[in-house]
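Counting starts at 1 for both ligands and their atoms, in listed order.
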Amino acid sequence: MVKVVETVAEVREQVAAWRREGLTVGLVPTMGYLHDGHKSLIARSVKENDRTVVSDFVNPIQFGPNEDLDSYPRDLDHDIAVVEQGGGDLIFHPSVEEMYGKDFDFYTYVKVEELSSGLCGASRPIHFRGVCTVVSKLFHIVCPDRAYFGQKDAQQLSIIRRMVRDLNFPLEICGCPIIREEDGLAKSSRNTYLNAEERQAALCLSRALNKGKAAIEAGETDAAKVRAIITEEIEREPLSKIDYVEIVDWNNLKPVDSTEGSILTAIAVYIGTTRLIDNFIIER
Ligand code: PAF
């Protein structure tokens, strides 16, 4: 039976009890409204650890002033059912006050330089500082052996790996593959914003990435040409508006001219007013 707690003290007490029994702990950080992507992270944590904690917290400090903090979907009962079915043990569902003090009595942020300014960071300048701060807090609260993040947020995964390395967090970061709908759309809580026409239009993201990947597999090494193939495919969709199409070195997130190394091809596209992201990574 999954237990839901709202305070840092309760999480610490439960994790300490598990530690006394010599059990290992996995953490799946989420903002709730759990979908199949989250389910896959929970399943992997349950497989690799004795106990699994799922944090369920819409983190206000990672949303910019004109972003979707207020409309971000929330459904705790659904989340409890998903974690229960997935075999998770504890849901940490804190209030904003529990995490950041009364009236945001909070001064300390964690920022990973270099990796946070490009890609999504270019149009979301405070986003990764907010992510790193909340994830650091969760790591200190839960003290997990392992933490699980989806590759759909590839820049986030790269930044968190770097933060853990730079700040000597004693845990392993486990990256998990993108989970897709049958027609190719990457699973995301934000897909719920799409109406039927937009849902269809959103397929241009995975279609464009597939074309780009096929071109690389067929021998295309010029990153500019691959970006052009992806851009052209997205622009064929009238409801789309590109935020970025980038090919970067997967090790340092710097743009590359050639597709021959380990690369992340990442895109962010508005479908109507909904901003969606998707990517593929080639590791060599
Ligand atoms: O990927 C997310 O859902 C969030 O950015 C995270 C890691 C839970 C931090 O709020």
N/O separation below 3.5 Å, Q62 to ligand 1:
yes
Taking only Lys NZ, Arg NE, NH1 and NH2, and the carboxylate oxygens of Asp or Glu, determine whether K102 and D105 approach each other closer than 4.0 Å.
no
Would you tell me whether N279 and Q151 have side-chain atoms, one donor and one acceptor, within less than 3.5 Å of each other?
yes
Does R165 CZ have over 12 foreign heavy atoms under 6.0 Å away?
no
Under 4.0 Å from one or more heavy atoms of V134, ligand 1 contributes atoms 9 (C), 10 (O)
T30 neighbourhood, listing ligand 1 atoms whose heavy-atom distance to it stays under 4.0 Å:
8 (C)
Are the ring centres of F169 and H140 closer than 6.0 Å?
yes
Quick check with a 6.0 Å cut-off and a 45 degree axis cone: is R44 positioned over the face of Y148's six-membered ring?
no
Which residue owns the protein heavy atom closest to atom 3 (O) of ligand 1, what's the atom, and how far is it?
M31 CG, 3.7 Å
Polar contacts were defined as any N/O atom of the residue lying under 3.5 Å from an N/O atom of the ligand; does this apply to Q156 and ligand 1?
yes
